[in-house]
There are 2 protein chains.
Amino acid sequence: MKKTNPTLAEIARVAGVSMMTASRAVNNQPGVSDEKRAEILRIADDLGYVANRAAQRLSGGRSHVIGVIAQLHTLFTSELVLGIGSAGRAANYEMLVYSLSDADNRPPGPILDLLSQIVDGVIVILPFQSDYLASLSNAKLPIVTIDEGNDAPFPKIMTDNYQGARLAIEHLAALGHRRIGFIAGNEGLASARDRARAFHDMRAQLGLDADPELVVHGNFMQQGGFLAAQRLMRLAEPPTAIFAANDMSAVGAMAAIRESKRSVPQDISLIGFDDVSVANHVHPALTTIRQPLTQMSRAAVNTLLAMISGIAPPAERILLSPELVARESTAAPPLEKLSQKPGRKGMTR
Amino acid sequence: MKKTNPTLAEIARVAGVSMMTASRAVNNQPGVSDEKRAEILRIADDLGYVANRAAQRLSGGRSHVIGVIAQLHTLFTSELVLGIGSAGRAANYEMLVYSLSDADNRPPGPILDLLSQIVDGVIVILPFQSDYLASLSNAKLPIVTIDEGNDAPFPKIMTDNYQGARLAIEHLAALGHRRIGFIAGNEGLASARDRARAFHDMRAQLGLDADPELVVHGNFMQQGGFLAAQRLMRLAEPPTAIFAANDMSAVGAMAAIRESKRSVPQDISLIGFDDVSVANHVHPALTTIRQPLTQMSRAAVNTLLAMISGIAPPAERILLSPELVARESTAAPPLEKLSQKPGRKGMTR
DNA sequence: ATGAAAGCGCTAACAT
DNA sequence: ATGTTAGCGCTTTCAT
């Protein structure tokens with residue numbers, strides 16, 4: 001309909017007020033009488049006024065847009081981005097995403113410079129390149145990170161990975177498993193290391209089989225999980241349960257287990273980590289440790305918005321609690337394995 | 001290092017020229033002597049000059065940023081976005097993504113208004129909401145769509161879905177399959193309809209079993225594929241091969257086939273569509289029809305950039321050719337099935 | 001080839 | 001409570 005978007009000046013003219021009054025009304029700022037404000041808002045709405053965020057920002061104000069720097073490669077990241085989008089919108093903030101490919105070694109400075117021309121703050125989600133963050137340090141823009149970035153000097157929102165892995169092992173142990181395999185994640189990532197540490201600690205603490213063969217490398221991806229589980233299935237004495245460091249690995253592992261003519265969970269129990277949407281869509285549905293994605297997004301947005309309003313972030317590090325989601329892929333170990341438990345030592349295959 | 005970003009004015013001052021000369025030099029525009037240009041560029045580089053895109057755009061120029069409106073829910077979309085990003089960068093354009101959730105019914109107008117303040121043009125990827133596009137019609141910004149949007153009045157980049165589905169069926173038929181199941185996609189989507197149409201046409205043309213039970217509904221998602229394949233596996237006479245309308249459906253189908261104690265491809269051949277990255281990571285690796293994602297991204301970017309420079313788009317519709325990627329999930333049908341072919345009619349089970 | 005002036009749409013800062 | 005002024009960083013247009 002409207003040829004070109006109305007500007008604040010137009011609103012002001014129609015309402016018979018100055019631009020500043022219009023600005024204050026539109027931005028919910030004090031200094032306008034209620035009647036005038038209502039009138040101006042009505043007119044703005046009528047005319048289909050859309051504030052020019054670029055101009056707002058340029059003139060030193062707030063654009064009410066937050067930026068996200070993310071690698072969109074994994075479902076995990078995408079879901080987080082979606083969460084940030086809706087959390088932002090709930091706070092009347094739009095979101096723009098700067099997508100980084102993983103092959104991407106561009107220096108982050110210019111990206112932040114670009115973003116800072118438009119957005120009021122940035123949330124960084126880079127699960128796969130922790131070192132990247134260090135170089136963002138000298139930014140003149142509020143920054144919050146999710147998931148990684150232990151070394152970076154800004155607030156971090158993370159799941160308690162250690163606690164999550166504990167939950168996983170406790171769940172398997174409670175079902176009666178004593179011989180649990182672990183498919184590790186990408187060792188460059190703090191999240192992977194925390195999960196591994198918890199696995200080892202719990203294994204010791206609960207007196208589970210500590211066979212080193214039970215720990216195999218993975219890479220947080222399907223293929224890595226597949227290969228890892230294949231190795232576990234070929235052990236002289238395979239585990240009765242597997243804890244995969246994330247869901248994608250678990251999905252890969254599931255295929256390998258099937259390929260070895262065993263079934264989940266009758267022969268092998270399988271538990272993942274993340275509760276990414278596929279977890280609920282594979283068959284059997286995957287028992288997993290849920291990262292509270294929605295909470296994480298919300299915490300990130302809230303922290304960022306606080307920083308934008310000049311309030312110091314509540315904490316350098318917000319640790320959110322994961323949660324066990326018991327679905328179909330875990331069960332008690334097969335009976336014959338159970339009966340072997342007492343005399344396990346002498347057992348060869 | 002630098003406290004605040006240098007502006008064009010600073011560059012100009014240091015170089016001892018006017019802002020306009022600096023602007024022209026930095027933007028590779030004519031009207032500057034070679035020496036001056038070199039000098040200015042050197043200084044800009046030294047000072048770490050980053051153009052303020054918002055200001056460029058505000059003052060009526062080009063920001064050299066393109067926008068993408070997308071639903072990041074599927075791998076397919078994410079990969080496309082990544083492709084657009086690198087195609088854009090190759091043309092010296094940055095990309096900003098506006099992420100739409102699928103639950104999202106916000107009117108597109110304001111989103112475009114927001115984007116238009118920053119970007120020079122927009123690529124829309126909304127495989128799951130075709131109708132959305134109609135409302136974008138009165139935009140004052142160059143727009144290109146990918147994958148859907150048959151009704152929308154701007155250039156569309158698409159894969160030749162009909163041709164792709166033909167390739168799939170021809171492949172299966174060449175292997176000797178006569179009884180082919182089809183897991184359909186989301187019927188609201190033109191892509192799904194084209195693939196279905198090709199399936200029916202080819203089935204008739206090649207004289208394959210035309211049993212209506214062989215066509216089952218899917219939704220382009222894993223779960224839908226699982227359910228659909230389950231139904232196929234329970235038929236009195238199951239197919240020897242399945243064509244899933246996309247890879248995610250195929251992945252779901254694979255699980256269902258396994259669950260029915262059959263194996264891929266020994267008992268059942270399976271072919272997908274898209275060649276999303278999981279296709280190569282499932283086990284067995286999925287034979288599929290590749291959508292030329294990279295080409296599509298590049299075509300979209302090129303078309304958009306042409307429109308931005310005021311050149312009329314080359315075509316209202318660019319149809320790219322899909323390609324068969326034969327991997328491990330397809331093979332000749334089992335011998336006993338093959339031998340039944342002549343007398344199939346009398347066979348019950 | 002170069003520069004000066006004007007203005008994009010908006011908001012801080014300082015009026016009144 | 002409201003308005004005026006100045007300016008954000010840039011590019012257009014119109015000089016020279």
Side-chain angles (χ1 to χ4, degrees), chain A residues 2 4-40 44 47-65 113-120 140-141 308-310, chain B residues 2 4-40 44 47-65 113-120 140 308 310:
Chain A
K2 290 250 120 337
T4 172
N5 284 349
T7 72
L8 242 202
E10 248 167 277
I11 308 286
R13 196 178 41 71
V14 174
V17 298
S18 76
M19 272 182 64
M20 268 323 289
T21 306
S23 169
R24 288 190 263 255
V26 164
N27 294 314
N28 261 317
Q29 262 163 314
V32 193
S33 68
D34 287 356
E35 328 148 41
K36 275 219 159 83
R37 160 165 287 136
E39 167 73 353
I40 292 169
L47 267 47
Y49 173 69
V50 176
N52 188 320
R53 322 268 189 160
Q56 290 178 313
R57 186 91 187 125
L58 187 58
S59 66
R62 307 258 148 264
S63 63
H64 288 258
V65 180
D113 288 337
L114 161 59
L115 243 26
S116 71
Q117 297 157 2
I118 300 158
V119 305
D120 297 340
K140 342 137 199 36
L141 203 62
I308 290 173
S309 342
Chain B
K2 291 249 119 334
T4 171
N5 283 348
T7 73
L8 242 201
E10 248 167 276
I11 309 285
R13 195 177 42 69
V14 174
V17 297
S18 76
M19 272 183 65
M20 269 323 291
T21 305
S23 170
R24 286 189 264 254
V26 165
N27 294 316
N28 262 315
Q29 261 163 314
V32 194
S33 67
D34 288 357
E35 329 148 41
K36 275 219 159 85
R37 159 164 287 134
E39 168 74 351
I40 292 169
L47 268 48
Y49 173 69
V50 176
N52 188 320
R53 323 268 189 159
Q56 290 178 313
R57 186 90 188 128
L58 186 59
S59 65
R62 307 258 148 262
S63 62
H64 289 257
V65 179
D113 288 337
L114 161 59
L115 244 25
S116 71
Q117 297 157 0
I118 300 158
V119 305
D120 298 340
K140 343 141 200 34
I308 290 173

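Heavy-atom basis, side chains included; hydrogens, waters and symmetry copies ignored.
- Residue A:A54 is classed as having no contact, given no heavy-atom separation below 4.0 Å to the nucleic acid.
- Regarding A:E39, its CD atom lies at a distance of 16 Å from the C1' atom of D:dT2, rounded to whole Å.
- When each of C:dT2, D:dC10, C:dG9 is scored by its nearest atom to the side-chain atoms of A:L58, the top-ranked nucleotide is C:dG9.
- Residue whose closest nucleotide on DNA chain C sits further toward the 5' end, between B:A55 and B:G31: B:G31.
- Two end axes, each from the C1' atoms of five base pairs, can be drawn for the helix from C:dA1-D:dT16 to C:dT16-D:dA1; they diverge by 30°, to 10 degrees.
- Distances shown here put a side-chain N or O of A:K36 below 4.0 Å from the OP1 or OP2 atom of D:dT2.
- In this structure, A:I11 places its CD1 atom 12 Å from P of C:dT11, rounding to the nearest Å.
- Nearest to the side-chain atoms of A:T21 among the listed nucleotides D:dG3, C:dT2, C:dT11 stands D:dG3.
- Distance from the side chain of A:M20 is smallest for C:dA13 among the nucleotides D:dC10, D:dT12, C:dA13.
- An OP1 or OP2 oxygen of D:dT11 is reached within less than 4.0 angstrom by no side-chain nitrogen or oxygen of B:S59.
- For the pair B:N27/B:Q56, a side-chain contact is recorded, criterion being any heavy-atom separation below 4.5 Å from C-beta on.
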Original post:
When you look at A:N52 and B:L58, which way does the side chain to side chain contact (heavy atoms under 4.5 Å, CB included) test go after all the steps?
Top reply: CA-CA 9 Å; A:N52 188 320; B:L58 186 59; 3.9 Å; yes

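- Looking at A:H64 and A:R53, their side chains come closer than 4.5 Å, going by heavy atoms from C-beta outward.
- Considering every non-hydrogen atom in both B:S23 and B:L8, the closest pair reads CB-CD1, 3.5 Å.
- Put simply, the side chain of B:Q117 reaches to within 4.5 Å of the side chain of A:V50, judged on heavy atoms.
- Here the rule is side-chain contact (heavy atoms from CB on, under 4.5 Å) with A:Y49, and of A:I40, A:N5, A:V26 only A:V26 fits it.
- Taking atom CD1 of residue A:I118 and atom C1' of nucleotide D:dC8, one finds them 15 Å apart after rounding to whole Å.
- A:L115 pairs by the side chain to side chain contact (heavy atoms under 4.5 Å, CB included) definition with A:I69, A:Y98, A:I111, A:V119, A:V122, B:L96, not counting sequence neighbours.
- For DNA chain C, the neighbouring residues in residues 22-30 of chain B, judged by any heavy atom under 4.0 Å, are B:R24.
- When the side-chain nitrogen and oxygen atoms of A:S33 are compared with OP1 and OP2 of D:dT2, one or more of them lie within a distance under 4.0 Å.
- Note: CG (A:L8) to C1' (D:dC8) measures 16 Å, nearest angstrom.
- Here the P atom of nucleotide D:dA1 and the CE atom of A:M19 are 20 Å apart, to the nearest Å.
- Side-chain N or O atoms of A:S59 include one that pairs as donor or acceptor with a backbone N or O of A:A55 at under 3.5 Å.
- Residue-level contact check: B:G61 touches the backbone only, with heavy atoms under 4.0 Å from sugar-phosphate atoms and none from bases.
- Protein atom CG of A:N52 is 8 Å distant from nucleotide atom C1' of C:dC8, rounded to whole Å.
- With rounding to whole Å, B:N5 atom CG is found 9 Å from D:dC10 atom P.
- Remark: side-chain polar atoms of A:R24 are not paired, donor with acceptor, to backbone N or O of A:R37 under 3.5 angstrom.
- Taking atom CD of residue B:Q117 and atom P of nucleotide C:dC10, one finds them 8 Å apart after rounding to whole Å.
- Within the model, atoms OG of A:S309 and CG of A:D120 stand 9.5 Å from one another, a figure rounded to the nearest 0.5 Å.
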